[in-house]
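Reviewing the structure listed below.
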Amino acid sequence: MPNQKRRREDRIISKCLFPAAGYGTRFLPATKATPKEMLPILTKPLIQYGIEEALEAGIHTMAIVTGRGKRAIEDHFDISYELENQIHGTAKEHLLDDIVSLRQACTFSYTRQKEMKGLGHAILTGETLIGDEPFAVVLADDLCTHSEDGVLSQMLSIYQKYQCSIIAIEEVPPAQTSRYGIIAGEPLAGEEGLYRVDDMVEKPDPQDAPSTMAIIGRYILTPDIFDILRETPPGRGGEIQITDALLTQAKAGNVLALKFKGRRFDCGCVDGFVEATNYFYQHTTPSTKEGL
Ligand code: G1P
């Protein structure tokens, strides 16, 4: 259909949004002057893992919602002439290989969230970078590993088929429901681990949770989410919640939840951060360890 305009939902996903304005209070005092997204797991900052996951999924345009005190993120993905010049031709030059190829492969754009009014508000702030097209969202706190396709890749395959919003989920212990958005849904026949979402609640107490299937920080959102977010009143914690906006889409049958293959570390808390650090250290090859 060369001359026919494609429906906007049919467009491929070319942009990934990274809400990165939060204060990271659980890591104070480390996060007083350092963005929590820049805390390293081994030698790589958290946000770089997320960018690599997006790139692996074929996404090259990274849209980052920052805030005051977050300039280190921009500097990290920019050229550092002095440093690069200093180590050029030395035995340490290879230590920058990954970040150099990343910045060559990707385009980065930034906007600032001036006030912290919740994840939904952060995503709405990113509209100016995304425009009128479907897009991915990565919360860098949730660090995901996988053996084959990354979580975003798995979600993009589902999106290609169903053209609606997709969220990644995993089972959590009942006592932990109040840390997550929790969904209820019907399994889709013939699709392993895929659910049509019919209810979702932000951080319910265990007795109010519709299930133990928790949303993790990976989303594919259709662009109508921006109009919905504009109309979404503050919810849990007095903040504008993406979970509430997604519920509007879910009620129209337009949200699928995928139990992804892989493992997630909650690097937004100290326990999860240490767990991820140990995991990545154990899974680093001896030759790479020598460079640490
Ligand atoms: C956010 C979302 C929540 C989701 C979680 C995943 O919460 O609001 O629905 O389950 O991310 O990490 P936050 O962790 O930012 O409080």
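Along the sequence shown, residues carry numbers from 1. Computed from a predicted model, the values in this text were never measured in an experiment. As the structure lists them, so they are numbered: ligands from 1, and atoms in each ligand from 1.
For K203, the heavy-atom gap to ligand 1 drops under 4.0 angstrom. Residue contacts with ligand 1 include L139, since one of its heavy atoms falls under 4.0 Å from the ligand.
At a heavy-atom cutoff of 4.0 Å, ligand 1 is contacted by the side chain of E202 but not by its backbone.
Within a 4.0 Å radius of atom 10 (O) of ligand 1, the protein contributes at least one heavy atom. Within a 4.0 Å radius of atom 13 (P) of ligand 1, the protein contributes one or more non-hydrogen atoms.
Side-chain contact, H121 with Q113: a donor N or O sits under 3.5 Å from an acceptor N or O. In summary, the side chains of Y162 and E191 do present a donor paired with an acceptor at a separation below 3.5 Å, with no hydrogens or angles considered. Checked by atom type, the side-chain pair E82/Q86 shows no donor-acceptor distance below 3.5 Å.
Protein heavy atom in closest approach to atom 4 (C) of ligand 1: I215 O, 3.5 Å.
Less than 4.0 angstrom separates some heavy atom of T243 from each of these atoms of ligand 1: 9 (O). With ligand atoms numbered from 1 in the order given, ligand 1 contributes 10 (O) to contacts under 4.0 Å with heavy atoms of Y180.
Residue L119 places no N or O, backbone or side chain, under 3.5 Å from any N or O of ligand 1. Between D142 and ligand 1, an N or O atom pair is found at a separation short of 3.5 Å.
Ring centroid separation for the pair F280 and Y49 comes in under the 6.0 Å cut-off. Residues F265 and F273 place their aromatic rings such that the two centres sit no closer than 6.0 Å. Here the two rings, on F108 and F18, have centers that are 6.0 Å apart or farther.
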Worked check of side chain to side chain donor-acceptor pair (under 3.5 Å) between E133 and S14: CA-CA 9 Å; E133 57 185 272; S14 66; 3.0 Å; yes

